[in-house]
Amino acid sequence: MSGIKKRVLVTGGAGFLGSHLCERLVAEGNDVLCVDNYFTGRKDNIAHLLSNPNFEALRHDITYPLHVEVDEIYNLACPASPVHYQFDPVQTTKTSVMGAINVLGIAKRVGAKVFQASTSEVYGDPTVHPQDESYRGNVNPIGPRACYDEGKRCAETLFFDYLRQHQTRIKVVRIFNTYGPRMHPNDGRVVSNFIVQALRGEDITIYGDGMQTRAFCFVDDLIEGFVRMMGTPDDVVGPINLGNPVEIPVRGLAERVLSLTGGTSKLVFKPLPVDDPIQRCPDISKARAVLGWEPHVDLDAGLGRTIAYFRALLV
Ligand code: NAD
Ligand code: UDP
């Protein structure tokens with residue numbers, strides 16, 4: 001346990017990132033309330049925490065108000081995979097915008113610190129590379145990704161207006177592609193798709209020519225960044241990029257996954273989804289300077305741990 005026991009609300013706590021965060025906060029001796037509507041999250045992700053008296057789970061949709069007394073809030077509720085956030089785009093925007101209003105309302109009322117899991121998607125299909133926090137983005141406001149991108153942008157606006165208008169204690173991070181155990185096998189994101197396909201001996205689906213790039217951060221590194229950000233003084237509000245600045249083309253990722261799984265799947269090429277960003281890589285200078293943070297798990301090590309998770313799950 002480090003420091004004083006805090007009451008912490010984690011929205012989206014039964015999801016991929018949320019469950020790792022809850023685990024970390026409980027391990028540090030905090031009193032954790034996980035709120036989730038289980039749209040993309042799973043009870044299995046938090047089952048191991050339920051017997052801990054410092055952990056509580058509540059089924060609740062964050063688009064509706066919630067009245068709780070807490071010291072800190074991590075707002076992670078929102079589907080994150082393009083397949084899932086485009087399934088019900090109106091609900092996605094509501095989750096980001098009304099969810100932000102509701103958590104900011106709690107923070108304002110009880111004086112809690114409130115953390116927003118924003119995203120590299122606020123940069124859209126970027127025209128500067130790598131992306132630092134001063135870049136204002138290139139987002140299509142009417143495309144199929146807009147429900148997520150613009151929802152998250154509006155959430156950031158609300159966070160900064162609550163700071164200016166109500167002096168709310170905000171912390172905003174922009175997360176770049178993160179992967180690891182507890183991603184949903186049908187999540188639709190590239191790392192889980194490729195690993196599941198390789199382990200099942202199915203074709204690996206590359207969208208476009210596979211030359212679009214991403215930079216992949218292992219979940220443990222990211223969660224360390226979250227906790228460091230929450231622990232900063234009140235004048236550190238962000239936004240701060242969190243991600244692993246090692247860029248790789250999607251096709252290169254497929255080859256790494258095949259090599260690490262020992263799979264023999266074929267690579268097949270499918271159409272590139274509309275508005276799919278061509279390149280993405282974080283500039284993490286600010287995270288290094290302000291948080292003393294940088295990722296330590298390299299891609300092969302992180303993929304190895306993720307493959308082991310999916311191997312056990314698929315059996
Ligand atoms: P996830 O889909 O596993 O987790 C999201 C969680 O939010 C799920 O448990 C889901 O059931 C819950 N949720 C969705 N709508 C809700 C609602 N209306 N009320 C209550 N709960 C709701 O995805 P994740 O990768 O764990 O992402 C967590 C957060 O981090 C999201 O806000 C996402 O936008 C952000 N993020 C993630 C990544 C990444 O690479 N993993 C990158 C950028 C941003
Ligand atoms: N992608 C792919 N095959 C898949 C899933 C995704 O080639 O089965 C590509 C997708 O088009 C994008 C990249 O991989 O260029 C990352 O996609 P993901 O959905 O993981 O996250 P994004 O960064 O696009 O939000």
Side-chain angles (χ1 to χ4, degrees), residues 10-22 34-43 45-46 58-64 66 74-86 88 91-96 98-100 102-103 115-122 125 145 148-149 151-152 155 173-180 182-184 187-197 202-217 219 222-223 226 241-244 248-251 253-254 267-280 282:
V10 180
T11 77
F16 160 49
L17 297 180
S19 61
H20 286 274
L21 177 63
C22 288
C34 161
V35 164
D36 205 295
N37 70 350
Y38 302 109
F39 174 48
T40 52
R42 287 175 298 164
K43 288 185 183 169
N45 288 342
I46 50 167
L58 174 69
R59 182 191 289 267
H60 175 80
D61 183 326
I62 200 61
T63 63
Y64 295 93
L66 179 69
Y74 289 86
N75 186 35
L76 273 61
C78 188
S81 147
V83 178
H84 290 133
Y85 69 64
Q86 291 172 23
D88 185 349
Q91 173 69 8
T92 299
T93 303
K94 280 189 188 172
T95 295
S96 277
M98 295 163 72
N102 288 329
V103 294
F115 171 105
Q116 170 65 0
S118 191
T119 168
S120 54
E121 286 282 325
V122 301
D125 190 3
R145 295 174 88 98
Y148 184 72
D149 301 8
K152 289 283 188 178
V173 299
R174 293 179 177 156
I175 306 163
F176 285 65
N177 297 65
T178 300
Y179 69 98
R182 297 203 201 118
M183 292 184 90
H184 197 289
D187 181 272
R189 280 178 279 188
V190 67
V191 174
S192 44
N193 268 12
F194 285 2
I195 292 177
V196 169
Q197 290 164 344
E202 293 168 358
D203 292 347
I204 305 261
T205 53
I206 294 187
Y207 302 157
D209 61 5
M211 295 317 289
Q212 71 272 33
T213 66
R214 295 294 187 271
F216 296 98
C217 184
V219 59
L222 186 81
I223 299 301
F226 282 14
N241 288 342
L242 292 180
N244 191 325
I248 181 173
V250 162
R251 189 184 174 131
L253 175 74
L267 304 185
V268 297
F269 294 85
K270 306 257 177 186
L272 190 68
V274 175
D275 292 337
D276 197 285
I278 295 304
Q279 54 178 9
R280 180 188 292 154

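Note that the structure is predicted; figures quoted are calculated from it, not measured. Atoms within each ligand, like the ligands themselves, are counted from 1 in listed order.
Of the candidates F226, Y148, F176, Y179, Y148 brings a heavy atom nearest to atom 44 (C) of ligand 1. Closest heavy-atom approach to atom 25 (O) of ligand 2 within the set R145, R214, R251, M211: this belongs to R145. Looking at T40, D187, L222 and measuring to atom 10 (C) of ligand 1, the nearest heavy atom belongs to T40. In this structure, of V190, D209, V268, T178, the residue bringing a heavy atom nearest to atom 17 (O) of ligand 2 is V190. Of the listed options Y85, F176, Y207, Y207 places a heavy atom closest to atom 6 (C) of ligand 2.
Judged by the shortest distance from any of its heavy atoms, P273 lies inside the 4.0 Å radius around the atoms of ligand 2. Residue-ligand proximity: P277 is placed with every non-hydrogen atom at 4.0 Å or more from ligand 2. Residue-ligand proximity: R174 is placed with every non-hydrogen atom at 4.0 Å or more from ligand 1. Distances from ligand 1 to the non-hydrogen atoms of G13 include no value under 4.0 Å. Residue contacts with ligand 1 leave out T11, since none of its heavy atoms falls under 4.0 Å from the ligand.
Interface atoms of ligand 2 facing R189, defined by a heavy-atom separation under 4.0 Å, are 19 (O), 20 (O). Under a 4.0 Å criterion applied to the non-hydrogen atoms of I206, ligand 2 contributes the atoms 7 (O). Which parts of ligand 1 touch Q91 is read off a 4.0 Å heavy-atom cut-off, strictly below it: atoms 18 (N). Atoms of ligand 2 lying under 4.0 Å from any heavy atom of T205, numbered from 1 in the order shown and given with element: 2 (C), 3 (N), 4 (C), 7 (O), 8 (O). Within ligand 1, counting atoms from 1 as listed, the ones closer than 4.0 Å to a heavy atom of Y38 are 11 (O). Near G41, the atoms of ligand 1 lying under 4.0 angstrom from a non-hydrogen atom of the residue are 8 (C), 9 (O), 10 (C), 11 (O). Residue-ligand proximity, N193 to ligand 2, at heavy-atom distances under 4.0 Å covers atoms 4 (C), 5 (C), 8 (O). Within the listing of ligand 1, atoms 6 (C), 7 (O), 9 (O), 12 (C) sit less than 4.0 angstrom from a heavy atom of G12. Close contacts of ligand 2 with E121, meaning ligand atoms under 4.0 Å from a residue heavy atom, involve 25 (O). Taking a cut-off of under 4.0 Å to the non-hydrogen atoms of H60, the atoms of ligand 1 that pass are 19 (N), 20 (C). Distances below 4.0 Å separate heavy atoms of A77 from the following atoms of ligand 1: 7 (O), 20 (C), 21 (N), 22 (C). Near A14, meaning under 4.0 Å from any of its heavy atoms, are these atoms of ligand 1: 9 (O). For ligand 2, the atoms sitting less than 4.0 Å from at least one non-hydrogen atom of N177 are 21 (O), 22 (P), 23 (O), numbered in the order shown with element in parentheses. Using a 4.0 Å cut-off to heavy atoms of G15, the atoms of ligand 1 that qualify are 3 (O), 4 (O), 8 (C), 9 (O). Close approach of ligand 2 to V250 (heavy-atom distance below 4.0 Å) involves ligand atoms 7 (O), 13 (C), 14 (O). The atoms of ligand 2 that sit less than 4.0 Å from any heavy atom of P82 are 19 (O), 25 (O).
With a 4.0 Å cut-off on non-hydrogen atoms, H84 does not touch ligand 1 at all. Counting heavy atoms closer than 4.0 Å to ligand 1, residue H184 contributes nothing at all. Residue-level proximity to ligand 2 for K270 is absent, since no heavy atom of it falls below 4.0 angstrom. Using a 4.0 Å cut-off between heavy atoms, S81 makes no contact with ligand 1 at all.
Checked by atom type and distance alone, the side chain of N102 pairs as donor or acceptor with a backbone atom of I62 at under 3.5 Å. Of the possible donor and acceptor atoms, one in the side chain of T11 sits under 3.5 Å from a partner among the backbone N and O of L76. Side-chain atoms of Q116 never come within 3.5 Å of backbone atoms of A100 as a donor-acceptor pair (strictly under, hydrogens ignored). Under a 3.5 Å cut-off, the side chain of H60 and the backbone N or O of Y64 do form a donor-acceptor pair. Formation of a donor-acceptor pair under 3.5 Å by the T213 side chain with backbone atoms of R280 is found in this model. D275 places no side-chain N or O within 3.5 Å of a backbone atom of D125 that could act as its donor or acceptor partner. Side chain of Q86 to main chain of H84: no donor-acceptor pair is present (N/O by atom type, distance under 3.5 Å, no hydrogens or angles). Remark: the backbone N or O of Y85 is paired with a side-chain donor or acceptor of T92 at under 3.5 angstrom. Using a distance-only test at 3.5 Å, with no hydrogens or angles considered, no donor-acceptor pair links the side chain of T63 to the main chain of M98.
Put simply, CG on N241 and CZ on F176 are 4.0 Å apart, with the number rounded to the nearest 0.5 Å. Between L222 atom CG and L242 atom CG the span is 5.5 Å, to the nearest 0.5 Å. The line from CZ of F16 to CG of N45 is 9.5 Å long, rounded to the nearest 0.5 Å.
Given atom 19 (N) of ligand 1, the protein heavy atom at minimum distance is I62 N, 2.9 Å. Nearest protein neighbour of atom 16 (C) of ligand 1, counting heavy atoms only, is N37 OD1, 3.3 Å. Scanning the protein heavy atoms around atom 41 (N) of ligand 1, the nearest turns out to be R189 NH1, 3.0 Å. Given atom 40 (O) of ligand 1, the protein heavy atom at minimum distance is T178 N, 2.8 Å. Of all protein heavy atoms, the one lying nearest to atom 26 (O) of ligand 1 is L17 N, 2.8 Å. Summary of contacts: the protein heavy atom closest to atom 31 (C) of ligand 1 is L76 O, 3.1 Å. Of all protein heavy atoms, the one closest to atom 38 (C) of ligand 1 is I175 CG2, 3.8 Å. Here the heavy atom of the protein found nearest to atom 5 (C) of ligand 1 is C78 O, 3.2 Å. If you check which protein heavy atom lies closest to atom 15 (O) of ligand 2, you get D276 OD1, 2.6 Å.
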Pair D36-R42, salt bridge (Lys or Arg N to Asp or Glu O under 4.0 Å): steps then yes or no: CA-CA 9 Å; D36 205 295; R42 287 175 298 164; over 6 Å; no
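When every heavy atom of G208 is checked against every heavy atom of F269, the shortest pair comes out as O-CD2, 3.2 Å.
Taking the charged nitrogens against the carboxylate oxygens, R145 and E121 do have a contact shorter than 4.0 Å, which makes a salt bridge.
An N or O contact shorter than 3.5 Å is missing between V35 and ligand 1 by distance. Taking any N or O of G18, backbone or side chain, none lies under 3.5 Å from an N or O belonging to ligand 1. Residue F16 has at least one nitrogen or oxygen atom sitting less than 3.5 Å from a nitrogen or oxygen atom of ligand 1, judged on distance alone. At under 3.5 Å, not a single nitrogen or oxygen of N177, backbone or side chain, sits near a nitrogen or oxygen of ligand 1. When only interatomic distances are considered, the shortest N/O to N/O separation between T119 and ligand 1 does not fall below 3.5 Å.
Looking at heavy atoms from C-beta onward, L267 lies in side-chain contact with R251 at the 4.5 angstrom threshold.
A parallel orientation is assigned to the rings of Y74 and F226, their planes being inclined by less than 30° (bins at 30° and 60°).
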